[in-house]
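Hydrogens, waters and symmetry mates play no part in the numbers below; they use all other heavy atoms, side chains included. Naming convention: chains lettered A, B, ... in sequence-line order (proteins, then strands); numbering from 1 in each chain.
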Number of protein chains: 2
Amino acid sequence: MAVKYKEIADQLELDIRDGKFDRTKKLPTEDELMKTFEVSRNTVRKAITQLVNRGYIYQVQGSGMFLRDKSVTDYINLGSLRGLTKDLTSKTIETKILNLRVIEADEEKAARLRCQKGSKLYFCKRLREVDGEPFSIEVSYFNKEIVPYLNEDIARTSIYSYLIDDLKLQISFADKIVNCEKIDEDSAKLLNVKPGDPTLIIENTVCLANGTVFELSQSIFHYQKAKILNRINFK
Amino acid sequence: MAVKYKEIADQLELDIRDGKFDRTKKLPTEDELMKTFEVSRNTVRKAITQLVNRGYIYQVQGSGMFLRDKSVTDYINLGSLRGLTKDLTSKTIETKILNLRVIEADEEKAARLRCQKGSKLYFCKRLREVDGEPFSIEVSYFNKEIVPYLNEDIARTSIYSYLIDDLKLQISFADKIVNCEKIDEDSAKLLNVKPGDPTLIIENTVCLANGTVFELSQSIFHYQKAKILNRINFK
DNA sequence: AAGTGGTCTAGACCACCGT
DNA sequence: CGGTGGTCTAGACCACTTC
């Protein structure tokens, strides 16, 4: 990491998740944190801002920094990219690869991925099962220029861990579009619902730190099993 | 406003929306902004952070600050509290009050609003129409301790403008839960869809700067007309 | 009045991008 | 290499809460 404010934020996140501040529902003051971590006030405040943005705490001028109510687990977190494995911690998750191959970008994909028509893309279709029952179908397209290699092993465990930890990609921002439709026949079969039942859909366009689009994805969720949580801050 | 970094952020937001940087898709450098606004670098950077969080720009170290692709209009913005009127700018929006009265909190509402059972609440049920067609049903509960007065006029135009501009409430953070269900018969009639059709649902718990919960709401959307957009950043 | 967070400044040095 | 953003420090003053 090597960046102080992130290290401090990560440490405090662990402490919060450990319940270290549950008794008081309050964090140490900025002054105390400055002493504990031996950094300047600005650095403490930058760390704190991370925790606010991650949805853990809120600040009250003149009073202190307080824990937000714990979010119920088992919600899909729209504000993170950590994936199902990290969101649904109390569940067992299995992934089945339905399809994984290299394709060429058609006009529509090329436009959305901002690459040339005919560029090589990884196409990956997966079925995610939670506690042994079908939960979602995820279809992803990766620009092969940026993700030069992918295999079933990686796709079965965690593509994102591979991208971040192994390929060292710096994921920076994303557009997520959520809506809801009647499910088609094929997807219904896979998710074990009736054709025409509702389905929750998230479309995702993900960019690297330099602004390049590197992934498009569409996730189709079982409407009775999936709930999305989004924690937001204004200021 | 009286706060420099917010004023700068607001000014730059206007400039961006005006297309002032469309030619280059790039913002002035931090140095230039420091000179333009006559503030320190930290203040410029704080303003910039606002624009990043609002989803307008991304920063590339060593290179500059760039515009993100314009988000399609007519999406519901999950990351703002500005309400339909501000999200669907190209549409005409009408609001019909289905019900507005003071009720007493039952056990469940009291728990969720963190108030006493029996506390007075404003209950408000509205039908929102976009371009003359039913779009959503919004049911809200406001703690009357915090929102002491509400009438049909206010509920028909914008409750949030009233809360922020008139009551000077400082809204600080919110939990939003999104899911999708089969619509019930009553709602189906109002939204002009068939019972059992899909419907997109957002449940919202909104808190003030001091941490108090002051609103619960549930919005039920027409599944073919509503799309939610969420722009997120990692760093 | 004391405690605590919010804003702002000035300056230093580092890391990355492009030429 | 120069230009540009990223991190960090030290210190001042303000605004709000709590007692």
Side-chain angles (χ1 to χ4, degrees), chain A residues 1-10 12 21 24-53 56-68 168-173 207-212 233-235, chain B residues 1-10 12 21 24-53 56-68 168-173 207-212 233-235:
Chain A
M1 192 70 66
V3 178
K4 287 190 193 176
Y5 76 88
K6 279 187 191 166
E7 274 177 357
I8 296 171
D10 290 346
L12 289 173
F21 310 116
T24 54
K25 285 186 154 287
K26 206 173 167 182
L27 258 62
T29 63
E30 296 183 351
D31 239 3
E32 290 174 293
L33 293 174
M34 285 169 68
K35 283 166 192 152
T36 308
F37 292 104
E38 296 180 297
V39 293
S40 73
R41 182 157 174 234
N42 274 344
T43 302
V44 164
R45 286 181 61 77
K46 230 177 152 186
I48 294 298
T49 300
Q50 296 265 312
L51 296 174
V52 172
N53 290 336
Y56 287 106
I57 63 170
Y58 61 94
Q59 297 165 286
V60 182
Q61 183 169 5
S63 179
M65 304 182 283
F66 303 87
L67 298 188
R68 283 178 70 168
K168 308 287 182 203
L169 295 186
Q170 291 194 37
I171 297 167
S172 174
F173 57 96
C207 302
L208 299 179
N210 63 10
T212 343
N233 295 286
F234 313 105
K235 67 154 113 185
Chain B
M1 192 70 68
V3 177
K4 288 189 193 177
Y5 76 89
K6 280 186 190 165
E7 274 177 357
I8 297 171
D10 290 346
L12 289 173
F21 310 116
T24 54
K25 284 187 155 287
K26 205 173 167 182
L27 258 63
T29 63
E30 295 184 350
D31 238 3
E32 289 173 294
L33 293 175
M34 286 169 68
K35 283 165 192 154
T36 307
F37 293 103
E38 296 179 297
V39 293
S40 72
R41 183 156 174 235
N42 274 344
T43 302
V44 163
R45 286 182 60 78
K46 231 177 152 183
I48 293 298
T49 300
Q50 296 264 312
L51 296 174
V52 171
N53 290 336
Y56 287 106
I57 62 170
Y58 61 94
Q59 297 165 287
V60 182
Q61 184 169 2
S63 179
M65 304 182 283
F66 302 87
L67 297 188
R68 285 178 68 167
K168 307 288 183 202
L169 295 186
Q170 291 193 36
I171 297 168
S172 174
F173 57 96
C207 302
L208 300 180
N210 65 10
T212 342
N233 295 286
F234 313 104
K235 67 155 113 183

Which value, rounded to the nearest 0.5 Å, describes the distance between A/Lys25 atom NZ and A/Leu67 atom CG?
6.0 Å
The correct set of residues in residues 37-51 of chain B placing a heavy atom under 4.0 Å from DNA chain C is B/Val39, B/Ser40, B/Arg41, B/Asn42, B/Thr43, B/Lys46
List in chain and number order the residues that pass side-chain contact (heavy atoms from CB on, under 4.5 Å) with A/Thr36, two or more places apart in sequence or in another chain; answer none if no residue qualifies.
none
Measure across B/Lys26 and B/Ser63 and return the closest heavy-atom pair with its distance rounded to 0.1 Å.
NZ-O, 3.2 Å
Just to verify, what does B/Asn53 make a side-chain contact (heavy atoms from CB on, under 4.5 Å) with, not counting sequence neighbours?
B/Thr49, B/Asn233
Enter the distance from A/Asn42:CG to A/Met34:CE here, rounded to the nearest 0.5 Å.
9.0 Å
A/Lys46 meets the side-chain contact (heavy atoms from CB on, under 4.5 Å) criterion, sequence neighbours left out, with A/Tyr5
Contacts of A/Ala2 and B/Gln170 projected onto DNA chain D by closest heavy atom; the upstream (5') one is A/Ala2
For B/Phe66, check ring-ring contact (aromatic ring centres under 6.0 Å, His included) against everything at least two apart and list the hits.
B/Tyr58
When you measure from every atom of DNA chain D, which of residues 27-35 of chain A have a heavy atom less than 4.0 Å away?
none
Taken in chain and number order and not counting sequence neighbours, the residues that satisfy side chain to side chain donor-acceptor pair (under 3.5 Å) with B/Lys235 are B/Gln59
Under the salt bridge (charged side-chain N to carboxylate O under 4.0 Å, His left out) rule, collect the residues that match up with B/Asp10, sequence neighbours excluded.
B/Arg54
Terminal contacting nucleotides, 5' and 3', DNA chain D versus chain A (heavy atom, 4.0 Å)
D/dT7 to D/dT18
Pairs touching residues 32-42 of chain B that satisfy salt bridge (Lys or Arg N to Asp or Glu O under 4.0 Å), sequence neighbours left out:
B/Glu30-B/Arg41
Over all strands shown, is B/Lys26 touching base, sugar-phosphate only, or nothing at heavy-atom distances under 4.0 angstrom?
nothing
Every protein N/O lying under 3.5 Å from an N/O of nucleotides 17-19 of chain C:
none

Those residues at least two apart in sequence (or on a different chain) that pass side chain to side chain donor-acceptor pair (under 3.5 Å) with A/Thr212 are A/Asn210
Rounded at 0.5 Å granularity, tell me how far CZ in A/Arg68 sits from OH in A/Tyr56.
11.5 Å
Find the distance between NZ (A/Lys4) and OG1 (A/Thr43) and round it off to the nearest 0.5 Å.
6.5 Å
